[in-house]
Amino acid sequence: MEHSYQPRLLEQAIQQGWERQQTWRATEDTSRPKYYCLSMFPYPSGRLHMGHVRNYTIGDVLARYHRMKGFNVLQPMGWDAFGLPAENAAVKNATAPAAWTYSNIDYMRSQLRTLGFAIDWSREIATCKPDYYRWEQWLITRLLEKGLVYRKTGTVNWDPVDQTVLANEQVIDGRGWRSGALVEKREIPMYYMRITAYADELLADLDQLEGWPEQVKAMQRNWIGRSEGAEVRFDYAEGEGHLTVFTTRADTLYGATYVAVAAEHPLASEAAADQPALAAFIEECKRGGVAEADVATQEKKGMATGRHVIHPLTGARLPVWVANYVLMSYGEGAVMAVPAHDQRDFDFATQYGLPIHVVVQPADGPLELPLTEAYTAQGVLVNSEDFSGRPSEEARVKMATVLQALGSGAPRIQYRLRDWGISRQRYWGCPIPIIHCAQCGEVPVPEQDLPVVLPEDVVMDGVGSPIKKDAAFYTTTCPTCGGPAQRETDTMDTFVESSWYFARYACPDQTGAMLDQRANYWLPVDQYVGGIEHAILHLLYARFFNKLMRDVGLITHDEPFSRLLTQGMVLKDGAKMSKSKGNTVDPQALIEEFGADTARFFIIFTSPPEQSLEWSDSGVQGAFRFLKRVWALGQTLTDAAATTDTSTAALAAEAADATVRDLRREVHATLRQANYDMARQQFNTVASASMKLLNTIEKLHTAGAAAATREGFSILLRVLAPITPHLAEALWGRLALGGAVYDATWPTADEQALTRDQVELVLQVNGKLRGNLEVEATASREEIEALARTHPNVLKHLEGLTVRKVVVVPGRLVNLVAN
RNA sequence: GCGACUGUGGCGAAACUGGUAUACGCACGAGACUUAAAAUCUUGCGCCGUCAGGCAUGCGGGUUCGAGUCCCGCCAGUCGCACCA
């Protein structure tokens with residue numbers, strides 16, 4: 001028998017056993033409740049990083065725990081395999097993105113296997129494979145027919161030197177990352193998905209997601225940004241035409257002193273035609289990237305266009321300004337400015353000497369003039385003709401009605417959410433299944449011609465996408481008229497693949513349809529685990545796709561993820577691990593030195609799952625030390641295993657000893673707490689509990705209580721089974737505790753063992769700790785109070801004072817309030 | 001700039017509904033075993049104070065018999081902001 005803990009050998013043997021027995025293979029089974037446990041699939045960047053290890057360890061703990069609780073568990077894994085890094089690597093190493101990606105997948109799969117996750121590998125998918133993305137293309141063609149996919153222009157980052165579109169992360173301080181050239185905004189045609197058509201449902205259904213963190217739901221609500229207000233039409237004072245603005249404060253309409261438009265607004269370019277200074281200013285506004293964080297933090301600037309619009313109620317001529325803080329993508333790209341009641345407008349008006357008209361005042365009196373800041377609260381209207389004297393809320397509604405009667409506006413609901421631009425001008429992505437025909441326009445690729453396969457054997461030269469230069473790819477014939485036509489050469493945003501993979505895991509081998517009935521068995525995902533950085537975009541898009549798939553009749557449920565756990569980042573020296581900072585820890589080296597169980601235990605123990613985790617090499621040592629102690633005690637107990645009597649009678653006989661009884665109570669109290677923590681997903685304290693259990697069991701062992709020791713150890717191994725599955729399984733087998741630990745029943749605390757005759761109370765005088773009191777568990781409030789008043793240290797602190805009140809919290813404390 | 005979150009010993013953290021602040025670890029000190037070291041085991045460990053006791057959960061207020069926990073206002077850090085995934 002081997003006595004020292006040798007995790008690598010042990011773990012390999014155990015993993016081979018799982019593979020032989022197909023232990024994690026999941027099949028539909030209506031006799032048990034199902035539990036679909038999903039961790040966000042990785043981008044195959046080359047090697048696993050600690051964030052992956054943490055993510056998948058948390059998911060694995062949940063999967064294994066639920067299996068022991070009697071659930072039919074599915075835990076799949078796959079690869080988010082399209083994306084920009086493969087193109088960058090291809091240019092750098094002169095390889096094809098496909099080859100690089102596949103070799104990364106092979107390596108990372110082997111890494112995942114050494115970590116011992118309970119994954120059903122038979123369901124593995126890679127999104128860059130045609131048998132996956134063909135169904136995404138199929139859905140897009142359906143959505144095109146339904147009008148949920150459409151084409152319009154969108155703004156992108158343009159690098160004028162490299163003549164290419166840049167991702168936001170490739171724009172650094174307003175310059176292209178390779179060329180260093182100043183980036184410009186440019187309008188190009190793109191395909192969009194009409195997510196705004198689902199805005200109300202995406203908002204409303206957040207309320208049914210009880211298993212989601214409140215902060216994620218709050219972020220999604222704010223992102224969707226539903227606001228009720230009014231649209232107001234301003235006719236041009238010079239020439240024909242009008243512009244429309246959206247406002248949530250129609251009550252301040254009489255205070256509008258100018259209108260601001262985005263640099264891309266048609267009126268701006270029209271006015272710039274004969275004004276070189278204005279044209280130059282518009283060019284300046286177009287400099288820099290499209291990222292909202294950059295736009296929002298830049299200095300507020302504007303310039304008068306010389307044009308005016310007519311105020312719909314007063315008929316006044318208001319000047320139109322171009323302002324760099326107005327976004328073309330929100331609303332109509334124009335805002336009415338009310339400096340007296342909007343802080344941003346106030347700042348702008350002050351900067352450029354524009355008038356400030358107060359039209360709302362607090363109910364309790366007029367504002368002091370001149371204003372030093374905008375008055376943004378609600379109030380009572382003034383200087384607003386017939387509306388003067390009305391409260392804001394009432395005036396707002398009335399104003400919209402009056403505008404509507406005049407044909408100058410209407411009540412409107414506006415969303416901050418914009419339609420989802422899915423076109424990318426890149427190679428390594430899913431081809432958009434559309435054919436452009438001079439005769440028939442844009443024609444979806446017919447179902448029988450799908451998939452549109454992305455050629456994998458290409459040369460990346462760093463300038464443009466290979467399929468845009470590949471006539472064999474883009475030359476085709478029109479499916480409608482048979483005439484010569486061209487394929488779309490843009491590919492899709494990789495968020496599209498990750499928006500439905502969770503459903504495909506249910507039936508990855510289905511070649512005749514996107515999904516089949518197995519999806520309705522497994523879905524919705526019972527537990528989704530992934531990084532908080534995905535709180536908005538990925539999760540919103542996946543929710544959207546779930547509803548799209550529902551509405552084409554593929555699935556029946558409304559929401560994809562019933563519960564969500566957003567795990568925190570892995571830090572070292574207080575900073576995110578990254579190559580550039582040189583503070584990475586390689587999971588591979590860690591596993592080779594200490595084994596997967598130590599890595600898993602450390603990660604679970606060190607921080608609660610939702611918080612960031614600070615890496616500590618000595619913490620890893622501590623985890624390893626603990627597992628060695630478990631192993632050592634397990635070895636000792638193995639020898640006595642066969643002869644140990646663990647019957648209720650044997651346990652009762654041992655408990656005649658007060659020390660043993662107290663220790664056994666501690667075991668069950670710790671277990672009760674661990675179960676509570678497991679249920680609320682606070683796994684770090686479950687790991688703590690396993691350490692406390694070992695401490696207590698060692699004392700039981702020293703005390704010679706063989707039955708209680710073995711009972712405690714069998715509890716410990718089951719509590720550890722989800723966290724350190726290899727160690728738990730090996731010792732469970734050696735101690736002959738019956739079957740395999742992953743199929744053992746999850747332990748519950750013995751209520752009998754938890755009962756106690758005496759309880760300890762805390763004594764306080766005026767809220768300050770002054771002593772302790774041991775009383776019978778059955779003692780009454782009066783008895784407790786009487787005892788408390790006789791306690792020497794309490795008497796000392798009551799000297800010269802009169803007790804005014806006595807607070808007794810049963811089982812906890814007595815507080816004597818005196819003065 | 002906007003939205004969301006976090007802040008407790010030297011360090012990671014615990015404290016369920018407001019009820020003994022610092023569980024469980026790490027680091028460190030002392031001791032045992034050893035020729036020695038490693039490993040292992042035992043033990044101590046918030047700060048100030050000789051004791052009595054006092055002070056401590058980012059900072060400033062408030063509610064309460066009692067606040068790490070609830071409320072208000074600050075400060076610092078982290079995540080997201082639509083073409084990184």
Side-chain angles (χ1 to χ4, degrees), chain A residues 40 42-43 45 80 82-85 154 156-157 165-171 190 213-216 218-223 225 289-298 300 325 329 344 416-426 493-495 498 531-538 540-541 566 568-569 571 574-576 602 605-608 610-623 625-626 628-629 632 673 676-677 680 682 684-685 687-692 695 760-769 771-772 796 804-807 809 811-813 815-818:
Chain A
M40 290 181 184
Y43 177 79
S45 53
D80 190 12
F82 277 135
L84 206 47
V156 294
N157 302 305
V165 175
L166 298 179
N168 281 339
E169 70 157 8
Q170 298 174 315
V171 179
M190 307 212 296
E214 279 307 321
Q215 84 246 36
V216 174
M219 282 191 266
Q220 294 224 344
R221 274 187 202 103
N222 293 333
W223 186 261
V290 299
E292 193 182 315
D294 297 334
V295 175
T297 48
Q298 70 193 358
K300 308 272 174 294
Y325 65 85
S329 50
R344 199 164 49 175
R416 207 186 73 93
L417 179 68
R418 311 194 294 258
D419 277 340
W420 174 14
I422 57 165
S423 294
R424 297 292 179 270
Q425 297 68 45
R426 303 186 218 300
D493 182 0
T494 55
F495 271 126
S498 55
I532 183 69
E533 65 272 21
H534 295 293
I536 299 179
L537 291 179
H538 162 62
L540 190 68
Y541 292 148
T566 49
M569 291 187 311
L571 310 178
K576 190 173 181 169
F602 167 76
F605 171 70
T606 302
S607 291
E610 309 218 294
Q611 274 179 39
S612 58
L613 182 153
E614 176 67 34
W615 193 264
S616 155
D617 291 329
S618 51
V620 173
Q621 294 279 357
R625 200 176 302 152
F626 168 68
K628 278 192 288 192
R629 277 176 62 205
Q673 183 64 42
Y676 182 82
D677 291 342
R680 63 174 174 152
Q682 196 172 73
N684 57 321
T685 48
S688 295
S690 72
M691 289 175 146
K692 287 183 192 174
N695 292 343
E760 186 156 295
L761 297 182
V762 166
L763 295 183
Q764 293 181 339
V765 176
N766 286 332
K768 287 194 190 289
L769 176 66
N772 293 296
K796 193 176 138 200
R804 300 287 174 199
K805 188 176 174 184
V806 179
V807 180
V809 182
R812 287 212 179 260
L813 60 72
N815 186 14
L816 302 167
V817 184

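Naming: A, B, ... by sequence-line order, numbering from 1 per chain.
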Taking [atom1] from [X] and [atom2] from [N], how many angstroms apart are they, rounded to a whole number?
{"X": "A:Asn684", "N": "B:rU22", "atom1": "CG", "atom2": "P", "answer": "18 Å"}
{"X": "A:Tyr676", "N": "B:rA23", "atom1": "OH", "atom2": "C1'", "answer": "16 Å"}
{"X": "A:Leu813", "N": "B:rA67", "atom1": "CG", "atom2": "C1'", "answer": "14 Å"}
{"X": "A:Met569", "N": "B:rA85", "atom1": "CE", "atom2": "C1'", "answer": "15 Å"}
{"X": "A:His538", "N": "B:rC81", "atom1": "NE2", "atom2": "C1'", "answer": "17 Å"}
{"X": "A:Asp617", "N": "B:rA27", "atom1": "CG", "atom2": "C1'", "answer": "13 Å"}
{"X": "A:Leu613", "N": "B:rG25", "atom1": "CG", "atom2": "P", "answer": "18 Å"}
{"X": "A:Met40", "N": "B:rC84", "atom1": "CE", "atom2": "C1'", "answer": "15 Å"}

> With no angle test and no hydrogens, is the base of B:rC11 tied to the side chain of A:Glu614 by a donor-acceptor pair under 3.5 Å?
Replying inline: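 No such pair is found, so the answer is no.
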Using a heavy-atom cut-off of under 4.0 Å over every strand shown, decide if [X] touches base, sugar-phosphate, or nothing.
{"X": "A:Gln298", "value": "nothing"}
{"X": "A:Asn815", "value": "base"}
{"X": "A:Phe626", "value": "nothing"}
{"X": "A:Val806", "value": "nothing"}
{"X": "A:Glu610", "value": "nothing"}
{"X": "A:Pro608", "value": "sugar-phosphate"}

Report yes if some heavy atom in the side chain of [X] is under 4.5 Å from a heavy atom in the side chain of [Y]; otherwise report no.
{"X": "A:Val165", "Y": "A:Asn157", "result": "no"}
{"X": "A:Val171", "Y": "A:Asp294", "result": "no"}
{"X": "A:Leu761", "Y": "A:Leu813", "result": "no"}

OP1 or OP2 of [N] sitting under 4.0 Å from any side-chain N/O of [X]?
{"X": "A:Asn695", "N": "B:rA23", "answer": "no"}
{"X": "A:Ser616", "N": "B:rC11", "answer": "no"}
{"X": "A:Asn168", "N": "B:rA82", "answer": "yes"}
{"X": "A:Arg680", "N": "B:rA15", "answer": "yes"}
{"X": "A:Arg629", "N": "B:rA39", "answer": "no"}
{"X": "A:Arg804", "N": "B:rC65", "answer": "no"}

>> Classify the ring geometry of A:Trp615 against A:Phe602: parallel below 30°, tilted from 30° to 60°, perpendicular beyond 60°.
In response: perpendicular
Heavy atoms only: give me the nearest [X]-[Y] pair and the separation to one decimal.
{"X": "A:Thr566", "Y": "A:Val216", "value": "CG2-CG2, 4.0 Å"}
{"X": "A:Arg416", "Y": "A:Trp223", "value": "NH2-CE3, 2.7 Å"}
{"X": "A:Ser612", "Y": "A:Ser607", "value": "O-OG, 3.2 Å"}
{"X": "A:Gly83", "Y": "A:Tyr43", "value": "O-OH, 3.8 Å"}

Closest nucleotide among [options] to the [X] side chain:
{"X": "A:Lys628", "options": "B:rU40, B:rC16, B:rA82", "answer": "B:rU40"}
{"X": "A:Lys576", "options": "B:rA85, B:rC26, B:rC79", "answer": "B:rC79"}
{"X": "A:Met691", "options": "B:rG25, B:rC65, B:rG54", "answer": "B:rG25"}
{"X": "A:Arg418", "options": "B:rU20, B:rA23, B:rA82", "answer": "B:rA82"}
{"X": "A:Lys692", "options": "B:rC24, B:rA14, B:rA85", "answer": "B:rC24"}
{"X": "A:Ser688", "options": "B:rC79, B:rC24, B:rU20", "answer": "B:rC24"}

> Is B:rG9 in the syn or the anti form, by the rule that syn lies within 90° of 0?
Replying inline: syn
> Of A:Val809 and A:Arg416, whose nearest nucleotide on RNA chain B comes first from the 5' end?
Replying inline: A:Val809
> In terms of the nearest nucleotide of RNA chain B, which residue is placed more toward the 5' end: A:Val762 or A:Ala687?
Replying inline: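 So the residue in question is A:Val762.
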Work out how far the [atom1] atom of [N] is from that of [M], and round it to whole angstrom.
{"N": "B:rC26", "M": "B:rA39", "atom1": "P", "answer": "12 Å"}
{"N": "B:rA82", "M": "B:rG77", "atom1": "C1'", "answer": "25 Å"}
{"N": "B:rU8", "M": "B:rA13", "atom1": "P", "answer": "8 Å"}
{"N": "B:rA27", "M": "B:rC11", "atom1": "C1'", "answer": "7 Å"}

Which base, if any, makes a Watson-Crick or G-U wobble pair with [N], both distances under 3.5 Å?
{"N": "B:rU69", "result": "none"}
{"N": "B:rC81", "result": "B:rG1"}
{"N": "B:rC28", "result": "B:rG44"}
{"N": "B:rU63", "result": "none"}
{"N": "B:rA76", "result": "B:rU6"}
{"N": "B:rA23", "result": "none"}

>> Each nucleotide in nucleotides 1-10 of chain B should get exactly one letter: B, S or -. Can you fill that in based on protein heavy atoms under 4.0 Å?
In response: B-SSS-----
>> Exactly one of A:Met219, A:Met569, A:Glu610 should register a side chain to side chain contact (heavy atoms under 4.5 Å, CB included) with A:Ile532. Which one does?
In response: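 In the set A:Met219, A:Met569, A:Glu610, the residue that makes a side chain to side chain contact (heavy atoms under 4.5 Å, CB included) with A:Ile532 is A:Met219.
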> Could you go step by step and tell me if A:Arg804 and A:Asn766 meet the side-chain hydrogen bond (donor to acceptor under 3.5 Å, both in side chains) rule?
Replying inline: CA-CA 10 Å; A:Arg804 300 287 174 199; A:Asn766 286 332; over 6 Å; no
